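To start, the structure itself, in structure tokens.
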Amino acid sequence: MKILIHDLNENDFNLKFNVIGKDITVISNNNEIHNCIGCFGCWVKTPAACVIRDKYGDMGELYSKCDEVIIISNCCYGGFSPFVKNVMDRSISFVLPYFTYRNGEMHHKNRYNKRYKLKVCFYGDNIIEEEMDTAKKLVMANSINMNCIKHEVSFYNSIQEMEGEIL
Amino acid sequence: MKIALINGSPKVKDSASNAILQELKKFLGDEPIIIQEHFKSPEIKEEQMESILDCEAIVFAFPLYVDGIPSHLLHCLVRFQEYIDKIGKKEIVVYTLVNCGFYEGKHNALAIDMMKHWTKKSGLKWGQGIGIGAGGMIPGLGNVPAGHGPKKNLGTALKIISDNIVNSSEGETLFITANFPRFAYKLAAEFGWRKAIKANGLRRKDLFRKKV
């Protein structure tokens, strides 16, 4: 199974990406989403699930069942757009609060044995060189933190450019 | 001089970001006029933006979320940039203090870079960033003054950035951690998680629960 997280409006997404008949769970900005409030409830109150029970409260469980996470996001200051970042912030139940060391630095231990590939597609017509550099480092850092199998990152000037390239 | 201190933590109380800003205030002294704002939700009011843009320096303090800026704060920054675009460029210097639960302060580097990009896109001037590791310890050390004990490095860094803020000058990004051994920090944090889960009526093994 693949997970596709994107911040496109429904029309643009349906026109450019055909997910019908494919084993892809699509996470779209089509429901009310609450922001992470830093309560750590997904670790110590309702372990493995976010305490906020909107449509985005079980991201960690979803990741544990997928082989690949694909992210389509507007590049915002070298990072994800607010919606995509919100989904990411609500995903930390995928890991444990306990620490481990990777590359000599502290990170969180895995909750699940399952590991996934991370593919990030940033778009935007005004992405400057420094933002691209930050975005590449960000995807690598996310990949290390979530203990992904591998990661890749690409940049597109427009949504049109992504058509036929991603799925 | 007027300085805006912005707490970017979503927590209403006991946040490391607020604790750090309160320590910074002591270093800034009584001379500057300080206004304080708390961006705890994705909403930002026009009055808040107006009052912040009336300052010569803006200091953001926030927690690191998944290697970056927390989404609610990112929402506010996008809205803030649109507002600045509308009203025109301002001569304001931006400083940023990012803290994380990991021991090493270096984890905060990308969030600081993102704040630099926001500053540039908003037409403001970058001042300095500090990446603070072992942030989880800070709220519990309210009685220890910055510059002493486990907050020795924090005090040194806050002195440097406060001097830069009052002089509207730029400084290189600094990364610090607690003056406390890494293995002991890890043990203390893990003891804290076990205590927290038991306080919620669950057992230690529930920390490892999987949803299938």
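Keep in mind it's a predicted model, so treat the numbers as computed, not measured. Here is the naming used below: chain letters follow the sequence lines, and residue numbers restart at 1 for every chain.
Annotation: maximal heavy-atom pairing with chain A below 4.5 Å, among B:Ser41, B:Ser9, B:Gly192, B:Gly68, occurs at B:Gly68. Counting heavy-atom pairs closer than 4.5 Å to chain B, the top residue among A:Pro97, A:Ala135, A:Gly41 is A:Pro97. The residue among B:His72, B:Lys210, B:Gln81 with the most heavy atom pairs within less than 4.5 Å of chain A is B:Lys210. When each of B:Val66, B:Val12, B:Leu77 is scored by its heavy-atom pairs under 4.5 Å with chain A, the top score falls to B:Val66. Per-residue heavy-atom pair counts under 4.5 Å with chain B were compared for A:Phe40, A:Phe83, A:Trp43, A:Tyr112, and the maximum is reached by A:Tyr112.
When every heavy atom of A:Val44 is checked against every heavy atom of B:Ile197, the shortest pair comes out as O-CG1, 3.7 Å. Of all heavy-atom pairs between B:Phe208 and A:Arg111, the closest is C-NH1, 3.8 Å. Across all non-hydrogen atoms, the minimal contact from B:Ser71 to A:Pro82 is CB-O, 3.6 Å. Listed here is the closest heavy atom pair of A:Phe99 and B:Ala189: CE1-CB, 3.7 Å. B:Asp113 and A:Thr134 make their closest contact through CB-OG1, 3.7 Å (heavy atoms, listed as atom of the first residue, atom of the second, distance). For the pair A:Ser64 and B:Lys211, the tightest heavy-atom approach, listed with the atom from each and the gap, is OG-O, 4.2 Å.
Remark: B:Lys106 NZ is loosely packed, at most 12 non-hydrogen atoms of other residues, nucleotides or ligands lying under 6.0 Å away. Open room surrounds NZ on A:Lys55; 12 or fewer heavy atoms of other groups in view lie less than 6.0 Å from it. By the neighbour-count criterion of 12 heavy atoms within 6.0 Å, atom CD1 of A:Ile20 is sparsely surrounded, having that number or fewer from other residues, nucleotides or ligands. By the neighbour-count criterion of 12 heavy atoms within 6.0 Å, atom CG of A:Asn31 is densely surrounded, having more than that number from other residues, nucleotides or ligands. Counting heavy atoms of neighbouring residues, nucleotides and ligands inside a 6.0 Å radius, atom CE of A:Met132 exceeds 12 of them. By the 6.0 Å contact criterion, NZ on B:Lys195 is open, its count of non-hydrogen atoms from other residues, nucleotides or ligands being 12 or less. Annotation: A:Arg102, atom CZ; neighbour count of heavy atoms from other residues, nucleotides and ligands within 6.0 Å is above 12. Other residues, nucleotides and ligands contribute at most 12 non-hydrogen atoms within 6.0 Å of the NZ atom of A:Lys150.
No part of A:Asp133 comes within reach of chain B, as not one of its non-hydrogen atoms sits under 4.5 angstrom from that chain. Heavy atoms closer than 4.5 Å to chain B are found in both the backbone and the side chain of A:His107. Residue A:Ile92 touches chain B through its side chain alone, counting heavy-atom pairs closer than 4.5 Å. Looking at A:Lys109, neither its backbone nor its side chain comes within 4.5 Å of chain B, counting heavy atoms on both sides. Contact annotation for A:Ser93: neither backbone nor side-chain heavy atoms come within less than 4.5 Å of a heavy atom of chain B. Both the backbone and the side chain of B:Leu110 come within contact range of chain A, judged by heavy atoms closer than 4.5 Å. Only the side chain of A:Tyr101 has a heavy atom closer than 4.5 Å to any heavy atom of chain B. The part of B:Val212 that comes within reach of chain A is its backbone (N, CA, C, O), which places non-hydrogen atoms under 4.5 angstrom from that chain. Contact annotation for A:Asp89: both backbone and side-chain heavy atoms come within less than 4.5 Å of a heavy atom of chain B. With a 4.5 Å cut-off on non-hydrogen atoms, B:Leu73 does not touch chain A at all. With a threshold of 4.5 angstrom between heavy atoms, B:Lys121 approaches chain A through side-chain atoms but not through N, CA, C or O.
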Check your understanding: Can you check salt bridge (charged side-chain N to carboxylate O under 4.0 Å, His left out) on B:Lys116 and A:Glu130, steps first, answer last?
Key -> CA-CA 10 Å; B:Lys116 281 184 191 170; A:Glu130 295 100 308; over 6 Å; no
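Note that CE of B:Met114 is 10.0 Å distant from CD of A:Glu131, once rounded to the nearest 0.5 Å. Separation of atoms CD1 (A:Ile128) and NZ (B:Lys120) is listed at 4.0 Å; rounding is to 0.5 Å. Interatomic distance, B:His75 NE2 to A:Lys85 NZ, rounded to the nearest 0.5 Å: 11.0 Å. A distance of 15.0 Å separates NZ of A:Lys45 from CG of B:Asp206, quoted to the nearest 0.5 Å. Put simply, CZ on B:Arg182 and CE on A:Met106 are 6.0 Å apart, with the number rounded to the nearest 0.5 Å. One finds the CZ atom of B:Arg209 at 12.5 Å from the CG atom of A:Leu96 (value rounded to the nearest 0.5 Å).
Residue A:Tyr98 forms a side chain to side chain donor-acceptor pair (under 3.5 Å) with just one option from B:Arg194, B:Glu190, B:Lys186, and that option is B:Arg194.
Looking at heavy atoms from C-beta onward, B:Leu74 lies out of side-chain contact with A:Phe80 at the 4.5 angstrom threshold. The side-chain heavy atoms of A:Asn35 and B:Pro70, taken from C-beta on, include no pair separated by under 4.5 Å. B:Val78 has its side chain within reach of A:Cys76: a pair of non-hydrogen atoms, C-beta onward, lies under 4.5 Å apart.
Judged purely by atom type and a 3.5 angstrom limit, A:Tyr77 has no side-chain atom pairing as donor or acceptor with the backbone of B:Thr119.
B:Phe102 and A:His108 have their aromatic ring centers within a separation under 6.0 angstrom.
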